[in-house]
Amino acid sequence: MIKEKKFYTISNNIIFKNTFNTKKRLKRLLEETLNLKVNEIYQNNIEMPVETIKERRKYLDLILKTDKGVINVEVNYGYKEELPYRNFLYFCKLISTSVRKNKSYTNINKHIQLNITWNLQRYIDYDISNRKIIKCHVSDDETHDKYYDEIFEIVHINMDYYEKIWYHGNIKKENPFLMLLAAPSEDKMDMISKGDKIMEELSKKVKKLNQNPEIIDVITQNEDEIINNTMYEKGISQGISQGIEQTAKNLLKMKMNLNDISKATGLSIKEIEKLR
């Protein structure tokens with residue numbers, strides 16, 4: 001039996017990064033998602049400075065200069081608990097680096113972090129909306145005045161929303177460019193991009209990448225790595241769970257009361273009673 005060749009859409013991280021490799025496509029991406037005008041792209045795929053030997057090397061997916069400040073684009077293909085914290089810390093590092101370069105704590109350019117995330121709703125109970133903005137500020141409890149809200153802003157684009165529209169919604173009412181990013185197949189990409197020059201070019205680029213054996217090889221290796229990491233994480237989680245249960249059993253043998261066992265292990269009284 002011949003295995004059907006898989007078509008990788010823009011939701012694949014390798015395809016995404018190799019698709020948005022021109023200023024024209026990046027400009028369209030940001031203007032459609034953030035409702036602003038891009039006037040210049042000055043950095044792409046830079047590495048953040050590392051301050052200590054123990055600090056992990058930090059890479060930001062994209063850093064762009066626009067007429068409203070600096071934009072950091074983070075592309076996320078699977079939600080994990082540490083993801084928002086990691087992205088936020090990288091974002092703060094970017095702002096800090098910007099201050100050091102300008103040698104001034106006044107007149108700081110506005111910084112926007114754009115998080116484009118797939119597979120979000122599989123991990124957390126997230127409000128299915130196409131755009132969520134978080135403005136960061138410090139407030140005065142007495143006067144309720146807000147400060148620093150013009151310095152940085154975080155925008156989340158939930159791609160699960162657009163994927164859901166392909167199957168259950170009215171495609172024509174949605175942003176066509178974001179619908180293209182979420183298109184689940186080759187024919188759907190052709191359908192949504194027809195008549196739009198930049199979207200047609202983007203669609204052709206995705207098809208070309210799918211025919212590139214080197215790109216497909218990288219994607220396959222990346223998928224294998226994700227599977228192995230997932231299995232490893234599950235194994236670690238299962239091992240911790242088994243260790244906690246064994247600890248609870250040992251404490252039961254020592255005649256410790258259930259409330260103390262619950263405090264020591266984090267297990268509920270019901271869970272401990274089952275272990276009896």
### Message
With rounding to the nearest 0.5 angstrom, report the CE to CH2 distance, M191 to W166.
### Response
3.5 Å
### Task
Report yes if some heavy atom in the side chain of L178 is under 4.5 Å from a heavy atom in the side chain of Y161; otherwise report no.
no
### Query
Is it the case that one hydrophobic cluster holds both I198 and L34, taking links as side-chain heavy atoms less than 4.5 Å apart, direct or via other members?
no
### Query
Which residues satisfy the salt bridge (Lys or Arg N to Asp or Glu O under 4.0 Å) test with E273, sequence neighbours excluded?
none
### Query
Taking the side chain from N210 and the backbone from V206, do they hold a donor-acceptor pair closer than 3.5 Å?
yes
### Exercise: identify the closest heavy-atom pair between I269 and S262
CD1-CB, 4.1 Å
### Query
Do the side chains of L252 and L258 get nearer than 4.5 Å, heavy atoms only?
yes
### Query
Is there side-chain contact between K173 and I165, with at least one heavy-atom pair below 4.5 Å?
no
### Query
CE of M159 to NZ of K164: how many Å apart, nearest 0.5 Å?
15.0 Å
### Message
Just so I know, are the side chains of Y162 and L181 near enough to count as touching, which here means a heavy-atom distance under 4.5 Å?
### Response
no
### Query
Can you tell me how far CD of E186 sits from OH of Y8, rounded to the nearest 0.5 angstrom?
14.0 Å
### Message
Run the side-chain contact (heavy atoms from CB on, under 4.5 Å) test against S193 and tell me which residues pass, sequence neighbours left out.
### Response
L180, M199, E200, S203
### Task
Say whether, by atom type as modelled, one donor and one acceptor occur between the side chain of N21 and the main chain of N18 under 3.5 angstrom.
yes
### Closest heavy-atom pair and its distance - T19, I15
OG1-O, 2.5 Å
### Query
Does any non-hydrogen side-chain atom of L29 lie less than 4.5 Å from one of F16?
yes
### Task
Could I get the full list of side chain to side chain donor-acceptor pair (under 3.5 Å) partners for S185, not counting sequence neighbours?
D187
### Task
Evaluate the criterion side chain to side chain contact (heavy atoms under 4.5 Å, CB included) for residue pair I272 and L251; output intermediate values, then yes/no.
CA-CA 10 Å; I272 297 167; L251 294 175; over 6 Å; no
### Query
Looking only at atom types and distance, does a side-chain atom of Q113 sit under 3.5 Å from a main-chain N or O of N87, one as donor and one as acceptor?
yes
### Query
Are L26 and L209 joined in one hydrophobic group, where the rule is that I, L, V, M, F, W and Y side chains link up if heavy atoms are under 4.5 Å apart?
yes
### Query
Do V155 and T33 have side-chain heavy atoms sitting under 4.5 Å apart?
no
### Task
Applying side-chain contact (heavy atoms from CB on, under 4.5 Å), name anything that partners K27, two or more places apart in sequence or on another chain.
E31, V38
### Query
Just wondering, do W118 and E163 contact through their side chains at under 4.5 Å, heavy atoms?
yes
#### Entry: Candidate pair F177 and D196, rule side chain to side chain contact (heavy atoms under 4.5 Å, CB included), full reasoning
CA-CA 10 Å; F177 194 77; D196 185 302; over 6 Å; no
### Message
Do N158 and T117 make a side-chain contact, defined as non-hydrogen atoms from C-beta onward lying under 4.5 Å apart?
### Response
no
### Message
Applying side chain to side chain donor-acceptor pair (under 3.5 Å), can you list everything that pairs with K207, at least two apart in sequence or on another chain?
### Response
D190
#### Entry: Spatial distance of atom CD1 (I244) from atom CD (E271) [nearest 0.5 Å]
9.5 Å
### Task
Rounded to the nearest 0.5 Å, what's the gap from CD1 on I192 to CG on L202? Could you check?
12.5 Å
### Task
Under the salt bridge (Lys or Arg N to Asp or Glu O under 4.0 Å) rule, collect the residues that match up with K24, sequence neighbours excluded.
E201
### Query
So, for F7 and M189, which heavy atoms are closest and what is the spacing to 0.1 Å?
CE2-SD, 4.0 Å
### Query
Rounded to the nearest 0.5 Å, how far does CD1 of I157 lie from CD1 of I116?
7.0 Å
